[in-house]
Amino acid sequence: MNSNGGDKEKKKKLGNGVVGILAETVNKWERRTPLTPSHCARLLHGGKDRTGVSRIVVQPSAKRIHHDALYEDVGCELEMILPERAYAFFSHTHKAQKENMPLLDKILSERVTLYDYELIVGDHGKRLLAFGQYAGRAGLVDFLHGLGQTKAAVISVGEEIASQGLPLGICPLVFVFTGTGNVSLGAQEIFKLLPHTFVEPSKLPELFVRDKGVSQNGKSTKRVHHVYGCISTSQDMVEHQDPSNSFDKADYYVHPEHYNPVFHEKIAPYTSVLVNCMYWEKRFPRLLSTKQLQDLTAKGCPLVGICDITCDIGGSIEFVNRATLIDSPFFRFNPMNNSYYQDMDGNGLLCMAVDILPTEFAKEASQHFGDILSEFVGSLASMTEIENLPTHLKRACISYRGELTSLYEYIPRMRKSDPEETQDNITNGASNQRTYNILVSLSGHLFDKFLINEALDMIEAAGGSFHLAKCEIGQSADAESYSELEVGADDRKVLDQIIDSLTRLANPDDEEDYIISPRKETNKISLKIGKVQQENEEKPEEMTKRSAVLILGAGRVCRPAAEFLASVRNISSQQWYKTYLGGEQRDVHVIVASLYLKDAKETVEGMSEVEAVQLDVSDNESLLKYVSEVCSLRFSVLF
């Protein structure tokens, strides 16, 4: 949505009461609109004094869910939208998402004022503008249609299921919904149109222990005429590594590394259709891995399909490796040969992962969105100074007249710390490497609560520098983000001061503890401090005689191998080294690389001379980097 049109000087363009509606051009299937003709009519006819809107300019579109003529009928003007205005849309830029930085650069260079729909949240801390329920509804409708095409057992009309029943061979037919948010609720709405019964996760085994659908007198039982639903939350997906500790949601969100996945053991064996509606990020255990699916399939698991409404590619469901299109929503995955197929006939799982599902309910979704947006679009259209906006809209303003607002001043700092840009600086002869460096891990509501601003301010105010080594961004108001910062300083006292400041930020009530106790439920942050590394430190001659070993993978055999290699400095190991490899060896630098950093860290836990890194061996550039690193030392071995 674009606001504040007109041809006057730039400053007067803001606050003139003009709203613009852009035509969607990114996706051929996108038909939604932020304001429907009825919303426009109320805004225009209500009077500018009350609504804040004097004109509405609509960019013509041949595919918008409401025809251009309907907008003209209520008094809108049809013309192309001009640049240098105030815009409101889902920009996906406030977390310095690399792929959208060219868009942000364009916004700043054109002196645009940008409001991000994603950042407009209510007093309850949740987003006001979202399409979750429509994604859930469309997702399950599409999947049931596809399942009906490939599985004759699923009757398309609920009444037929109730009267004729389902074949005993696929009973009980169990739909498992992950999460309890709007996406899950929307999918459940469609599911409830079928004859159904919901069961608790703990009761799933009983459905399979009981008879397979026929009572002793030969009559069909309820199970044949019903489908079953089950709602699975995080407490059903993981368990604490310490059996004496029960599941604690707050602890799990802060320390997911303390929990093991159990969904594949407790829920998946009884699941026919998995409807994935939950948010996930890499620091959490996967819901279902490829290996787990292969084991389940070999044991006769009844799973026939995956409806991944989250469209989280390679995420919580590892083998969902692609997004699908509305006109071609399915692919088939055969776990036994690890192969993918575009047809729907043959062995394997039916998988769906469409990323713009709400547009399938374009009319209803637009009405829902406009009902909310029309409540405050007048404030955006009549705004002349950002200070006059309500707080929830002011916080959603990323750029004001081409300048980042104070809440988002961290974005260029995050961009400057980008690994690729840093590498370019090193190539050009510039480096920000300091004498003393340390790895700092931060997790929590870093961006939506602007805690990252405080952390970076502390580092720079003390005279230190930082480099963003890793960033996993929470994609919803409820989700936490995770960042790893390489913090450096040329003075050890300065670095210690930075560590103390970050510790107080994380844990103001207990400065001795590096792990946070929440200040407020929504403002909590977890802090972990690594080991200080000193650059350019003079080393004895014997320390220069180093070897390096790169171990690819973090399976069971890796830990004993890493322990042995890291211990070559002791007498027995040196004797072994001299006997089998020749010469004196004083030190071995061991690197354990895994696709998942968490696995690598678990493997090397407690070993001070072993480094854990994340590495995808299919990424030739990253693989070459580590191979080159170990090969540059005196002696190198790769496992």
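Hydrogens, waters and symmetry mates are skipped; everything else that's a heavy atom, side chains included, is used.
Among all heavy-atom pairs drawn from C277 and T178, the shortest one is N-OG1, 2.8 Å. For H392 against V121, the heavy-atom pair with the smallest separation is CB-O, 3.4 Å. Residue I411 comes nearest to M101 through the heavy atom pair CG2-SD, 4.2 Å, listed as atom of the first residue, atom of the second, then distance. Closest of all the heavy-atom pairs between F376 and L128 is CE2-CD1, 4.5 Å. Contact record, L389 with K394: O-CE, 3.7 Å, taken as the closest heavy-atom pair. For I120 against A396, the heavy-atom pair with the smallest separation is CG1-CB, 3.5 Å.
A donor-acceptor pair under 3.5 Å links the side-chain atoms of T359 to the main chain of W29, judged by distance alone. When atom types are taken as modelled, the side chain of T51 and the backbone of L43 share a donor-acceptor pair closer than 3.5 angstrom. At least one donor-acceptor pair closer than 3.5 Å links the side chain of W280 to the backbone N or O of P285. Formation of a donor-acceptor pair under 3.5 Å by the Q59 side chain with backbone atoms of I21 is not found in this model. Checking side-chain atoms of T324 against main-chain N and O of M352 turns up no donor-acceptor pair under 3.5 Å. Put simply, the side chain of S54 never gets that close to the backbone of K48: no donor and acceptor are under 3.5 Å apart. Using a distance-only test at 3.5 Å, with no hydrogens or angles considered, a donor-acceptor pair links the side chain of T405 to the main chain of C397. Within the 3.5 Å criterion, the main-chain N or O of K363 finds no donor-acceptor partner in the side chain of S366.
The CD1 atom of I231 lies 4.0 Å from the CD atom of Q188; values are rounded to the nearest 0.5 Å. With rounding to the nearest 0.5 Å, the separation of CG in N276 from SG in C311 is 10.5 Å. C40 SG to R55 CZ: the interatomic distance, rounded to the nearest 0.5 Å, is 13.5 Å. Of the inter-residue distances, the one linking E364 atom CD with R32 atom CZ reads 12.0 Å to the nearest 0.5 angstrom. Here the CD1 atom belonging to I499 is positioned 3.5 Å from the CD1 atom belonging to I438, to the nearest 0.5 angstrom. Here CG of L393 is found 5.0 Å from CG of L380. Values are rounded to the nearest 0.5 Å.
In this structure the side chain of Y408 never reaches within 4.5 angstrom of the side chain of L114, judged on heavy atoms. Using a 4.5 Å heavy-atom cutoff, the side chains of Y436 and V494 are not in contact. The closest side-chain heavy-atom distance from F89 to L22 is not below 4.5 Å. Contact annotation: the side chain of S232 approaches that of M237 to within less than 4.5 Å [non-hydrogen atoms, C-beta and beyond]. Contact check for M458 versus R504: no side-chain heavy atoms found under the 4.5 Å cut-off. Residues S91 and L104 have side chains not in contact (no heavy-atom distance under 4.5 Å, counting atoms from C-beta outward). With a 4.5 Å cut-off on side-chain heavy atoms, L456 and L485 count as touching. You'll find the side chain of V377 stays beyond 4.5 Å of the side chain of P34, heavy atoms only.
Remark: F361 pairs with no residue by the ring-ring contact (aromatic ring centres under 6.0 Å, His included) rule, at least two apart or across chains. Take D105 and apply the salt bridge (Lys or Arg N to Asp or Glu O under 4.0 Å) test, not counting sequence neighbours, and it matches R415. In this view, E409 and S406 satisfy the side-chain contact (heavy atoms from CB on, under 4.5 Å) rule, not counting sequence neighbours. Considering only residues two or more places apart in sequence or on other chains, F263 meets the ring-ring contact (aromatic ring centres under 6.0 Å, His included) condition with none of them. Listed by chain and residue number, F191 satisfy the ring-ring contact (aromatic ring centres under 6.0 Å, His included) test with F177 (two or more places apart in sequence, or in another chain). Residues forming a side-chain hydrogen bond (donor to acceptor under 3.5 Å, both in side chains) with E403 (at least two apart in sequence, or on another chain): none. In terms of the ring-ring contact (aromatic ring centres under 6.0 Å, His included) criterion, residue partners of F90 (sequence neighbours excluded) are, by chain and number, Y117. With sequence neighbours left out, S374 forms a side-chain hydrogen bond (donor to acceptor under 3.5 Å, both in side chains) with no residue at all. Looking at residues two or more places apart in sequence or on another chain, you find no side-chain hydrogen bond (donor to acceptor under 3.5 Å, both in side chains) involving Q235. Remark: Q497 pairs with no residue by the side-chain hydrogen bond (donor to acceptor under 3.5 Å, both in side chains) rule, at least two apart or across chains. By the salt bridge (Lys or Arg N to Asp or Glu O under 4.0 Å) test, R64 is found to be paired with D68, residues two or more places apart in sequence or in another chain being considered. When the salt bridge (Lys or Arg N to Asp or Glu O under 4.0 Å) test is applied to D248, no partner is found at least two apart in sequence or on another chain.
Remark: K63 NZ is packed, more than 12 non-hydrogen atoms of other residues, nucleotides or ligands lying under 6.0 Å away.
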Next on the checklist: Evaluate Y115 against M383 for side-chain contact (heavy atoms from CB on, under 4.5 Å), listing each step before the verdict.
Outcome noted: CA-CA 12 Å; Y115 303 95; M383 183 275 299; 2.6 Å; yes

Checklist entry - Going through the checks in order, is the side-chain contact (heavy atoms from CB on, under 4.5 Å) test met by V320 and D312? => result CA-CA 8 Å; V320 176; D312 190 7; over 6 Å; no

Checklist entry - After noting the C-alpha distance and the side-chain angles of Q614 and K598, does the key distance pass the side-chain contact (heavy atoms from CB on, under 4.5 Å) rule? => result CA-CA 8 Å; Q614 188 277 333; K598 180 174 72 71; over 6 Å; no

Checklist entry - Between E486 and N437, does a side-chain contact (heavy atoms from CB on, under 4.5 Å) hold up when you go through it step by step? => result CA-CA 7 Å; E486 294 176 359; N437 299 277; over 6 Å; no

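Residues T93 and N100 bring no donor and acceptor atom of their side chains to less than 3.5 Å of each other. In the model, Y400 has a side-chain atom that pairs as donor or acceptor with a side-chain atom of E385 under 3.5 Å.
Ring to ring, Y252 and F284 are close: their centroids are under 6.0 angstrom apart.
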